[in-house]
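Hydrogens, waters and symmetry mates play no part in the numbers below; they use all other heavy atoms, side chains included. A, B, ... follow the sequence lines: proteins, then strands. Residue 1 opens every chain. Given the structure is predicted, the values throughout are model-derived calculations rather than measurements.
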Amino acid sequence: MIDFASELNEQQFEGVRAIDGPVLVLAGAGSGKTRMLTYKLAYLVYEVGVPPYSILAVTFTNKAAREMRQRVEQLLEVNLSNAWVGTFHSMCGKILRKSGEAIGIPRDFVIYDADDSVQLVKEVISDFGLDPRSLEPKKIAHAISALKRKLISPDEFLERAKTPAERTIAKIYARYDELLRKAKAVDFDDMISLVVRMFRTRSEIRQRYSEEFQYILVDEFQDTNESQFAFLRELTRTHQNITVVGDDDQSIYSWRGAQLRNILDFPKYYPGCKIIRLEKNYRSTAHILETASVVIAHNRMRHAKRLYTTAPAGERVKLVRAPDDYAEARYVVQRIVDLMDEGIPAGEIAVLYRINALSRLFEQELRQRGIPYVVVGGVGFYERAEIKDILAYIRLLVNPADDVSLRRIINTPRRGIGATTVQAIAELAESAGVSMYEVISSGEPLPIRPKQRKSIEAFVELIEDLKTDIDSVLPSVLIQEIVERTGYVRQLMEEDSIQARARIENIGQLVAAAQEFESQSDEPTILNFLGSVTLMTDVDRWKKGEDVVNLMTIHAAKGLEFEAVFVVGLELGVFPLTRALQDDEQLEEERRLFYVALTRAKRFATVTYTIQRSRFGSVEELGRSPFIDELPQDKLDVVDLVPEGSIVFRSVEYARSREEVYDSRYSPGIVVWHPFFGKGVVMEVRGAGERTIVTVDFPNFGRKKLVAKF
DNA sequence: CCACAGGCCCCGACG
DNA sequence: GGGCCTGTGG
Ligand SMILES: Nc1ncnc2c1ncn2[C@@H]1O[C@H](COP(=O)(O)OP(=O)(O)OP(=O)(O)O)[C@@H](O)[C@H]1O
C-alpha cells in the first residue's frame with residue numbers, strides 16, 4: 001500500500017526502520033523530521049503490526065497531533081482514533097483522569113489555566129495578609145510554575161529555601177497547592193508533574209503504562225522541559241523504544257522551562273541510542289536557506305549542522321527599511337496584494353512578528369484593502385473575558401468546590417455583590433473548612449446586609465436551576481441557557497458598544513465550538529468539553545484551509561510553512577526584546593526565533609524594520625535590530641522606503657512630505673521619546689513641515705527646543 | 001457597601 | 001493601548 005522507501009530519503013527511512021531502542025534525530029529546519037515521525041507511526045502500525053493504542057506520539061500542539069493522525073489515517077486507510085497522539089498536556093491529562101485517583105486526584109478534576117493560577121496566588125497572598133504589590137502575584141505564579149516543572153514540591157522547596165523571600169514563596173506555594181486540591185483542580189504544570197509523581201510512587205501504575213506504550217514518538221523535542229522528559233524516562237524504564245526528533249537551533253520556549261539540555265543530553269540518558277541526521281532541506285529555496293543559515297551561525301551555543309537543498313536559488317530575501325510602522329504595514333500589504341495577483345493563495349502567506357502588539361496596523365491595512373485575514377494567537381479566544389466567564393459558570397456547575405470560578409462570576413454580570421461581601425463569604429468558608437459555594441447554598445442566613453443577602457439567594461437559585469439537567473444536557477445547550485438565564489448577553493446588548501458586539505459574537509462562536517465538539521466527540525459530556533477547551537490553543541482553532549492571510553507570532557508559527565513570509569518589526573527592543581540584550585543566552589534564543597521565522601518560508605521571505613514606531617502612545621526611535629546586520633548583505637534585495645539622501649525623520653525632505661503625520665504626532669501633551677534625553681512631554685508645537693519647532697519637557701534635562709529632531 | 005470614572009503603571013512569546 | 005487600583009459619588 002505504501003512504499004516507504006520512495007516517500008522518504010535514506011536517512012529518514014533509516015530512522016523509521018529503527019524500531020528497537022532509542023533514536024535521536026537531530027536535524028535542521030525543513031529537513032523532514034515531522035514527516036519522518038509521521039511515517040514512522042504509519043510504519044509501526046502497517047509494517048510492524050503494532051496496535052495503534054500501543055503507540056504514544058507527542059506533538060507540540062493539538063493541531064499538529066490532529067494533522068499527524070489524519071495523515072496516517074489517509075496513508076493507511078484505517079481509523080486511528082484509539083492511538084495516543086497529542087500534546088504532553090493532553091496525554092497526561094488523559095492518564096490523570098484514568099488513574100489519578102491512586103494519588104488522590106478525583107476523576108472529575110478541572111484544569112486551571114495560567115490566569116486562574118494567578119488569581120489563586122492573589123487570594124493566597126491576601127489571605128496571608130501580605131502585600132500583593134511588593135510580591136507581584138504574576139511573578140510568584142511563575143516561580144511556582146517553574147518549581148513544578150522541575151518537580152520540586154512545596155516541602156522540598158521549603159527545606160532548601162535560604163532567603164526569607166524564598167521561604168515566603170514556599171509558604172504560598174504550599175497553600176496554593178492545598179487550595180487547588182480543595183477545589184478539585186490541577187494547574188497546567190500539575191498535569192505533567194502529578195503523573196510523574198504517580199509513576200514514581202506507584203510503580204505498578206508506571207509499569208502498566210510503560211507496557212501499554214510499546215513505542216514512543218516525540219516531535220519538537222528541543223522544547224520539552226524537565227518534567228516532560230522525566231515523564232518519558234519513567235515510561236521507558238522497561239523498554240527503550242523511544243524516538244525523539246528536534247533541532248537545537250529551533251529551541252524557543254526556554255521561558256516556559258524548555259531545556260536544550262534534554263536534546264543535547266539524550267545520548268547520556270539513552271546510551272547507545274541511534275543518532276540520525278537529516279541534512280536535506282525540502283522546504284525552502286537556496287537563497288532563503290542560505291540567509292537563515294548565515295544568521296544562525298552567529299550563535300555559539302549550538303551544534304553546527306549541515307543543511308543543503310537541491311531547490312533552485314529562487315528570489316533573494318528582501319530587506320525593507322520603512323520610515324515608520326504605518327509605511328511598513330502599507331508596504332507589506334501591497335506586496336501581499338502583488339503576490340496574490342501572481343496566484344499565490346492567501347493561505348500561503350504569513351506575516352510574522354515578535355510580539356502580538358504589532359499585529360494591529362497590519363490588520364487595519366488588510367481590512368482597508370479588503371483582504372481576508374486571520375490573527376492566530378493574541379488574546380487567545382479562550383482567554384477572553386466573556387468566554388472565561390461562561391466557562392467559569394460551567395465549571396462551578398460541575399464542581400461547586402471551585403472557588404476561583406465562583407469569585408469570577410458571582411458578580412458577573414453585576415448583581416450588587418461586591419468585594420466586601422465576597423470577602424465575608426471567603427472568611428466564613430475558610431473557618432468552616434468548606435467551599436464558598438457551600439457557604440452560600442447552605443441555607444444558613446449569612447451575616448451580611450439584606451440587600452446583598454437577597455442577591456446571593458437569587459444567585460444560588462440560578463445556579464441550582466442550571467444544575468438540574470447538568471448530566472444530560474449538551475454543552476452548547478448549556479451555554480445558551482447560561483447566557484439567557486444570567487442576562488449576560490442582555491447586559492452586553494444594553495451597553496451597545498463595538499466591543500460589546502464583538503463579545504456577543506464571541507459567545508456565539510463558543511456555542512459553535514461546542515457544537516463542533518459535540519459532533520466530533522464520542523462522549524460529548526460537559527466534563528469532556530471543559531477538558532478539551534482548556535487545553536485548546538489558538539493555533540489549534542486555526543484552519544489553514546480557509547485561505548486567508550495569516551498573522552501570528554513567530555512562536556505560533558513553529559512547525560508551519562508558507563509560500564511567502566514577512567518577518568516584521570526587526571528593531572532593537574522589539575526583536576530582540578530589550579531584556580534579551582544584556583544576556584547572551586537570551587539573545588541567542590531571540591536569534592533562534594529569527595531563524596525559525598525565516599525558515600517558515602518556501603519561496604518568498606521579506607524582513608522589515610522601521611525607523612520610528614509608535615508604542616504605548618508615544619513615538620519611539622528604537623534603532624534597527626542587530627540581526628539585520630547579520631544577514632548576508634550581498635545576497636539580499638535591499639528596499640529602502642525612506643526618501644533618498646535623508647536620514648529619515650530628521651530630514652527636511654521627509655518631514656515635508658509627511659506634514660500630516662508630523663502635526664498629529666507632535667501635539668502638546670503627548671509623550672515622546674528622544675534617544676538622548678529619554679521620555680518627555682510635548683509642551684508646544686510651532687510651524688509646520690521642515691520648520692516645525694517642538695518644545696519638549698524632559699524630566700531630567702528640562703525644556704528643550706528641538707527642530708523636529710526626535 | 002457598590003459602581004463607575006479617571007489616573008496610574010507597565011508592557012514578551014503560550015500549553 | 002489597556003488592565004488594575006483608587007477615590008468619589010450614589
Ligand atoms: N523525503 C521527502 N521528500 C519530499 N518532501 C519531503 C521529504 N521530507 C520532507 N519533505 C517536505 O519538506 C517539508 C518540511 O518537512 P517537515 O515539516 O517534516 O520538516 P521539519 O524538519 O519537521 O521542519 P521544521 O523543523 O522546520 O518544522 C514538508 O513540506 C515535507 O512534506
Lys/Arg N to Asp/Glu carboxylate O, [X] vs [Y], below 4.0 Å:
X: A:Lys454; Y: A:Glu457; result: no
X: A:Lys63; Y: A:Glu67; result: yes
X: A:Lys150; Y: A:Glu226; result: yes
X: A:Arg360; Y: A:Asp325; result: no

How do A:Glu589 and A:Gln452 order along DNA chain B: which one's closest nucleotide is nearer the 5' end?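 The answer here is A:Gln452.
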Most 5' of A:Leu577 and A:Arg415 on DNA chain B, judged by nearest nucleotide: A:Arg415
Measure from [atom1] on [X] to [atom2] on [N] and round the result to the nearest Å.
X: A:Leu587; N: B:dA13; atom1: CG; atom2: P; answer: 19 Å
X: A:Arg414; N: B:dC1; atom1: CZ; atom2: C1'; answer: 14 Å
X: A:Met552; N: B:dA13; atom1: CE; atom2: C1'; answer: 14 Å
X: A:Leu358; N: B:dC11; atom1: CG; atom2: P; answer: 17 Å
X: A:Phe594; N: B:dA13; atom1: CZ; atom2: P; answer: 19 Å
X: A:Lys138; N: C:dG2; atom1: NZ; atom2: C1'; answer: 12 Å
X: A:Met191; N: B:dC14; atom1: CE; atom2: P; answer: 19 Å
X: A:Leu352; N: B:dG12; atom1: CG; atom2: P; answer: 20 Å

Does OP1 or OP2 of [N] have a side-chain N or O of [X] closer than 4.0 Å?
X: A:Thr420; N: B:dC2; answer: yes
X: A:Asn225; N: B:dG15; answer: no
X: A:Asn356; N: B:dA13; answer: yes
X: A:Arg360; N: C:dG1; answer: yes
X: A:Thr553; N: B:dC14; answer: yes
X: A:Arg149; N: B:dG15; answer: no
X: A:Thr421; N: B:dC2; answer: yes

Around A:His142, counting heavy atoms of other residues, nucleotides and ligands shown, do more than 12 lie under 6.0 Å from its NE2? no
If you measure from the ring centre of A:Phe188 to the centre of the six-membered ring in the base of B:dG15, is it under 5.5 Å, with the planes under 30° apart? yes
Ring of A:Tyr253 versus six-membered ring of B:dA13: centres under 5.5 Å and planes under 30°? no
Determine the contact category for [X]: base if any of its heavy atoms lies under 4.0 Å from a base atom, sugar-phosphate if only primed atoms, P, OP1 or OP2 are that close, otherwise nothing.
X: A:Ala419; result: sugar-phosphate
X: A:Leu593; result: nothing
X: A:Asp113; result: nothing

Kindly state whether the ring of A:Tyr253 and the ring of A:Phe60 have centres lying under 6.0 angstrom apart.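 Distance test on ring centres: under 6.0 Å, yes.
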